[in-house]
Amino acid sequence: MKKLVYILLCVCVLAACEDGEVSTNYVVTPYVQFVDKGHQMPEPDVRAYGYYGDTTQWRVASYDDALIGLLTSRSDETVTKLPDFTADPDAEGKLTLGPFTRYEFMVLMCQTNPEAVDDVKMYAWRNAATVEDLPQLSVHVTFKPWRTTRYKSEGKWLYVNEMPPAEPEGPDPEP
């Protein structure tokens with residue numbers, strides 16, 4: 001009996017001394033909004049990429065690079081990085097990247113069918129972090145092709161629209 005108690009005590013001590021390694025799956029639900037203040041609809045034509053690293057070290061150089069998940073070093077344009085994780089939408093339209101086991105990582109979302117949204121080429125990216133005792137982190141991203149700016153920061157996402165629509169023309173001035 002004493003031997004069993006001793007073994008159980010050792011197991012408990014070892015469990016308490018564990019390294020505390022974190023592991024987080026990053027789940028993204030993508031949407032598209034076609035008009036300002038319009039309804040958000042599920043966006044089925046999207047792909048997700050996950051990377052160890054952060055946006056201070058890496059950038060997305062173009063839509064074509066985003067489409068294949070290629071990052072470019074901010075310090076040396078000749079250095080590129082391919083994704084550590086890739087995801088396509090599941091039956092519910094969600095994309096799951098991971099499990100990430102290092103604290104800091106980067107996520108890139110890219111619309112894969114620009115013809116479906118008036119030839120708009122959009123992608124979004126952000127930094128993210130694993131959270132201890134949180135095995136799944138769920139977020140959403142909303143593509144807004146109606147925006148007339150090339151870059152837009154919203155929440156923690158940086159959205160890029162390589163071919164934004166022209167600014168709407170105001171009413172004609174009266175003679």
Side-chain angles (χ1 to χ4, degrees), residues 23-36 38-130 136-168:
S23 177
T24 301
N25 282 317
Y26 196 80
V27 181
V28 184
T29 304
Y31 297 97
V32 64
Q33 182 186 51
F34 291 104
V35 295
D36 189 12
H39 179 69
Q40 292 183 2
M41 300 170 33
E43 172 57 282
D45 298 318
V46 69
R47 183 162 236 211
Y49 302 98
Y51 311 84
Y52 289 113
D54 68 66
T55 59
T56 62
Q57 301 166 334
W58 300 97
R59 68 183 185 89
V60 183
S62 68
Y63 173 80
D64 291 333
D65 284 358
L67 197 57
I68 61 171
L70 185 68
L71 298 182
T72 301
S73 170
R74 289 187 182 274
S75 61
D76 182 351
E77 296 286 318
T78 64
V79 177
T80 58
K81 179 177 178 66
L82 291 172
D84 296 299
F85 301 99
T86 304
D88 290 310
D90 62 16
E92 296 176 354
K94 297 178 181 186
L95 297 96
T96 302
L97 294 166
F100 290 96
T101 55
R102 295 185 212 152
Y103 176 71
E104 197 169 72
F105 59 94
M106 219 176 124
V107 174
L108 166 64
M109 302 292 296
C110 185
Q111 287 184 306
T112 57
N113 187 5
E115 295 80 24
V117 189
D118 299 327
D119 290 326
V120 173
K121 295 181 176 182
M122 291 189 75
Y123 56 95
W125 48 305
R126 66 171 287 174
N127 277 337
T130 56
Q136 180 171 303
L137 182 60
S138 297
V139 299
H140 73 274
V141 61
T142 303
F143 292 99
K144 299 176 180 177
W146 53 266
R147 283 201 178 124
T148 58
T149 56
R150 182 178 170 101
Y151 302 101
K152 176 66 177 170
S153 181
E154 187 174 287
K156 295 185 180 188
W157 291 99
L158 173 63
Y159 292 87
V160 180
N161 184 346
E162 284 207 349
M163 299 185 313
E167 289 275 346

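Computed from a prediction, not measured in an experiment: that's the story for all the values here.
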TODO: Could you grab the distance from atom CZ of Phe143 to atom CD of Gln33, nearest 0.5 Å is fine?
DONE: 13.0 Å

- [ ] Only counting residues at least two apart or in another chain, list the ones meeting side chain to side chain contact (heavy atoms under 4.5 Å, CB included) with Pro165.
- [x] Thr148, Asn161

Open item on the list: Could you check whether any side-chain N or O of Tyr159 sits under 3.5 Å from a backbone N or O of Thr142, counting only pairs where one atom can act as donor and the other as acceptor?
Closed with: yes

TODO: Any pair with a residue in residues 48-61 that passes salt bridge (charged side-chain N to carboxylate O under 4.0 Å, His left out), sequence neighbours left out, goes on the list, sorted by first then second residue, please.
DONE: Arg59-Glu77

- [ ] Using atom types as modelled and distance alone, determine if a side-chain donor or acceptor of Glu43 lies under 3.5 Å from a backbone N or O of Asp45.
- [x] yes

Task: Heavy-atom check, side chain of Trp125 versus side chain of Val107, under 4.5 Å - done: no

TODO: Just jot down the salt bridge (Lys or Arg N to Asp or Glu O under 4.0 Å) partners of Arg126, sequence neighbours excluded, or say none.
DONE: none

Task: Atom pair CZ (Phe85) and CG (Asn25), whose distance is rounded to the nearest 0.5 Å - done: 8.5 Å

Open item on the list: Please enumerate all residues that pass salt bridge (Lys or Arg N to Asp or Glu O under 4.0 Å) together with Asp84, with sequence neighbours excluded.
Closed with: Lys81

Task: Under 3.5 Å donor-acceptor, Thr149 side chain and Lys152 backbone - done: no

TODO: Output all residues satisfying side chain to side chain donor-acceptor pair (under 3.5 Å) with Thr72, sequence neighbours left out; order by chain, then residue number.
DONE: none

TODO: Report yes if the side chains of Thr130 and Tyr26 come closer than 4.5 Å at any heavy-atom pair, otherwise no.
DONE: no

- [ ] Tell me, please, which residues at least two apart from Tyr52 pass side chain to side chain donor-acceptor pair (under 3.5 Å).
- [x] Thr101

Open item on the list: Can you see whether Asn127 engages Thr55 through a side-chain donor-acceptor pair at a distance of less than 3.5 angstrom?
Closed with: yes

